[in-house]
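Computed from a predicted model, the values in this text were never measured in an experiment. Along the sequence shown, the residues carry numbers beginning at 1.
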Amino acid sequence: MEIKGGYTKKILNIDLTKGKSVVTDVDDEFALKYIGGRGWDAKIVLDNLMEHPDLKPLGPENIIVIAPGPLSGLYLPASGKNSFISISPLTGIYGDSSMGGLFGVELRQAGYDALVIKGRADALSMICIDDGDIDIKSASAYAGKTSSDTERAVKEDLGDIETRVAVIGPAGENLVKFACINTEWSRNAGRTGMGAIFGSKNLKAVAVRGSHDLPVHDMDALINAGDRAFDYLKSHDLFELWQQQGLMSVIDYINTAGAMPTHNFNDAHFDGADTINGDTMLKYKIGDTACFCCPMSCGNICLVKEGKYAGTVTENPEYETACMFGSNVGVTDFTAILRANMLCDDLGIDTISTGNLIAVLIDGYEQGILNRDDLDGMTLKWGDGDSVHELIEKIAYRKGIGNIVADGTYGLIKHFPDLKNLISHTKGLEMTAYDARIGVTMALGYGTSDIGAHHTRAWPLAKEIELGSNWTLDERVDLVIYHQTVRPLFDCLGVCRLPWIELGLDEHIYADLFAAATGVPLTLEDMFERSSHIYDLTRTINVKLGVGRKDDYPSERAFTTPIKTGPHAGELLDREYFESALTLYYKKRGWDENGVPTTFTA
C-alpha cells in the first residue's frame, strides 16, 4: 500500500556525544506496520537494545525516541499527543510516557515524524530545531532552573514566543528516576522517568519551530470526518461538565464506587472526598487550557488568592494528582494539593510516583518501620500538607530521605526492606489512583501493562463497576486485551484517548481519519492487528530484560489487605481467580505459560 499523505516519513537522529545530526527516510512498509508514535518509538528502542543488549538506562547507549503520529496536528479532536519512549531508569524495562500540548505538532511541522536522541553531551545542552536547521547549544544559563522558568527563558533567548519547548527541571538534572519532561507550563511526559533520561544525556531542553504544512491525502474527507467527531462531542450530555471540571469530575464517581486510594491504598473510600473534588476545584479556577485542536479543554488554571499558600497558581490538578496528594496522604486542604501540583510541575517530577511514595513514608512512620532519624527529623502524619511539600523538594534535590525516595520503589525497598509490603506497584512503577481490589480486570490491566502499574494501557474499571459479578472470566480478559489494543493505538496515531473513553466517541472514526490523511484504507480491525503486534513487541523488549510471569501481578497488598470502608469493605482480590485470569490472558495473547510471545524467537 502506498502512503499518499499523513506522514513526513523522516526521522531526525541526534548524537549528543558527537554533536551531529542526520535525517533518515522511512519506507512505507515500516511506517504502516508500526503506524507511528508509540509504535515507531518501540521498534526503534528494540533495535537499539538488540545492538546494545547490556545498555544501562542512564548510560549513553540508551536512546530516547520522541514521536507524535500520523494524525497529530490535523483537523480532528485532541490531535496533539506525543510519545516519549526509552528503557526506563525507574523500572529497568520498557518505558513510555505521553505528552499533550503543541510540542509534537510543532515537530511534525518542522518536517519530522520522530526524533531519536542518543549519546551524552559534555556539558548541559539544548537542542534547537528550526525546520532543517539543527543546532546543539549550551544550556548552562538554565542549569538548576525550574521547568517553567527554563521554558520562558529559552523562548526569550530565541526571540520567538511560538517556539515549542520540552524541558526538564531540577529533578531531571539530579537524575530522579521518576523525573518528567515538561512543556507549556504543565503538560508532562510524566511516567517512567523520561526526564532522568534527558538529564543523563546532559540535555536540558529541546526547542522546536516548524513552518511546513502537514501532508493530507483527501482534505475534504478529513474535514468531513473531523466535523462529525467535533459535532458528536459538543452534543454530548457531559460535554459542558467536562469543560468545567475535566478529569476532576472523576473524583466523586470513583470514591462512590469505592476505588479511590486512601491512606496509602490501605482503604478505597475517602470521607473527605467532597473537599478535593471538582466542585471544590471550581472555587479556585480562573481559566481553561486545551491541547492542540481539543474542544474538551480539560486543563483548569487554578489560583490560590489567600491563606498560607496564597500566590500558588497551577494548571489542574487532574484526578490522579488530586488523589495522590489528597486522599492517599489524607489531605483535605485543596490549596495544599494545588501547591503540591505546582511544585511537582516546576521541579519536574511525576505527581503519581511522588504522591504514592510519600504515602508509603507516612504509612511506614505510622507503623513504626521508619523513625524520625530515617526522615531527617521529620514527624509524618496523615493530612499534613506542609510535610508533603517539604518531601517533594527533598526528592527533587536528592536531599536526605529524598535521595533514597528519588530512586523509586526499588531504591526504597533496597534501603528499607520492611517497606516492601507497603508499596503499591507493578514492575517497579508506582500504581495509579484506582484500587485493584474491587475487580480482576483492573488488577490484570496493571499486572500485564508493559510499563508497570499504570491505567493508560487498560482502564476497564467502569465496566467492572457496571457489571459487578454478572460477566464471565472470558469476557473480563477480553475487555482487558481490548483496552490494551485500542488505548495504545491512540498513542500510535498521535491523538488523545479521552474523547473515546470519557465521551464515547466511536473508535471507528479513526479509521476514516487515517484513510483521509494517508490515502491508505486500513480498517479499524487492521489497526488493531498492528496495535496488538506492537504490544507483543514491547513485551519482547521486557522479556529480553528479564520480565516473566513473576512480574505480571498487582501489588501483593491487593491479595492480602482487605478494603476497610465504603461499598467494598472487607473485599480483596482472589488470588486463584487472578491466576486463572492471567493464564487465560496469556493464551488469548498467544504467549506461553511464562508470558513470552510466540513472536519472541522470531
Side-chain angles (χ1 to χ4, degrees), residues 6 32-39 68-83 96 98 100 218 221-239 242 247 250 291-296 298 441 445 449-450 454-464 466-467 475-536 538 588-589:
L32 294 174
K33 183 175 183 179
Y34 300 104
I35 304 175
R38 156 183 157 86
L71 297 186
S72 183
L74 300 184
Y75 178 75
L76 61 130
S79 58
K81 280 293 187 177
N82 186 40
S83 292
D96 74 17
S98 179
D218 188 336
L222 181 73
I223 292 173
N224 179 272
D227 280 343
R228 283 187 281 128
F230 284 117
D231 290 344
Y232 169 82
L233 295 174
K234 289 187 288 185
S235 66
H236 196 283
D237 291 343
L238 296 178
F239 181 69
W242 188 264
L247 283 160
V250 179
C291 294
F292 182 84
C293 210
C294 183
M296 294 171 68
C298 68
T441 59
S449 167
D450 50 11
H454 192 42
H455 66 283
T456 190
R457 292 294 177 265
W459 192 77
L461 189 61
K463 184 64 70 173
E464 187 88 49
E466 175 188 343
L467 296 180
E475 291 172 320
R476 293 170 195 253
V477 173
D478 282 345
L479 180 63
V480 172
I481 293 175
Y482 182 76
H483 271 243
Q484 290 176 341
T485 304
V486 65
R487 291 169 75 92
L489 175 61
F490 294 131
D491 291 333
C492 293
L493 295 172
V495 300
C496 181
R497 64 185 176 274
L498 292 182
W500 165 74
I501 192 65
E502 298 295 345
L503 298 187
L505 181 64
D506 187 348
E507 55 266 45
H508 287 83
I509 201 166
Y510 292 97
D512 296 341
L513 291 162
F514 183 83
T518 66
V520 179
L522 296 182
T523 65
L524 184 64
E525 288 69 29
D526 293 332
M527 291 184 179
F528 281 175
E529 182 179 351
R530 287 161 170 77
S531 182
S532 181
H533 171 70
I534 293 165
Y535 214 86
D536 285 348
T538 59
K588 287 177 176 288
R589 279 278 186 201

Is there a side-chain hydrogen bond (donor to acceptor under 3.5 Å, both in side chains) between R38 and S98? Walk through the geometry before answering. CA-CA 9 Å; R38 156 183 157 86; S98 179; over 6 Å; no

Between Y535 and I481 (side chain of the first, backbone of the second, donor and acceptor by atom type, cut-off under 3.5 Å), is there such a pair? no

Considering all heavy atoms, the nearest L233-L505 contact: CD2-CB, 4.3 Å

Would you call T523 and F528 a side-chain contact if the rule is heavy atoms closer than 4.5 Å? no

Sequence-distant partners of D536, salt bridge (Lys or Arg N to Asp or Glu O under 4.0 Å), two or more places apart: none

Point-to-point distance, once rounded to the nearest 0.5 Å, from CG of L479 to CD of Q484: 10.0 Å

Is there a side-chain contact between K81 and S72 (heavy atoms, below 4.5 Å)? no

Indicate the atoms forming the closest heavy-atom contact of P521 with A515, along with that distance. CA-CB, 4.1 Å

Are the side chains of V520 and F514 in touch, meaning some heavy atoms are under 4.5 Å apart? yes

At what distance, to the nearest 0.5 angstrom, does CD of E464 lie from CZ of R476? 4.5 Å

Y510 and F490 aromatic ring geometry - parallel, tilted or perpendicular at 30°/60° bounds: perpendicular

Pairwise side-chain contact, F239 with P295, heavy-atom cut-off 4.5 Å (strictly under): yes

Between R487 and I501, is any pair of side-chain heavy atoms under 4.5 Å apart? yes

Between the OG atom in S83 and the CG atom in D96, the distance rounded to the nearest 0.5 Å is 6.0 Å

Could you grab the distance from atom OG of S531 to atom OH of Y482, nearest 0.5 Å is fine? 10.5 Å

Decide yes or no for E502 and L238: does some side-chain heavy atom of the first lie under 4.5 Å from some side-chain heavy atom of the second? no

Mind checking the CG-CG spacing from L513 to L493? Nearest 0.5 Å is all I need. 9.0 Å

Heavy-atom pair of closest approach, residues C298 and W242: CB-NE1, 3.5 Å

Please report the shortest heavy-atom distance between C492 and I534, naming the atom on each side. SG-CD1, 3.7 Å

To check you understand the geometry: which heavy-atom pair defines the closest contact between A511 and L524, and what is its length? CB-N, 3.8 Å

Quick one: NE2 on H483 to OG1 on T441, what's the gap to the nearest 0.5 Å? 8.0 Å

Where is the tightest heavy-atom contact between S79 and V495, given as atom of each residue plus distance? CA-CG1, 4.1 Å

Is any side-chain N of the basic residue among D506 and R228 closer than 4.0 Å to the acidic one's carboxylate O? no

Kindly say whether the aromatic ring centers of W500 and H236 come within a distance under 6.0 Å. no

Answer whether the closest heavy-atom distance between the side chains of P499 and M296 falls below 4.5 Å. yes

Side chains of I35 and L32, heavy atoms from C-beta outward: is any pair under 4.5 Å? no

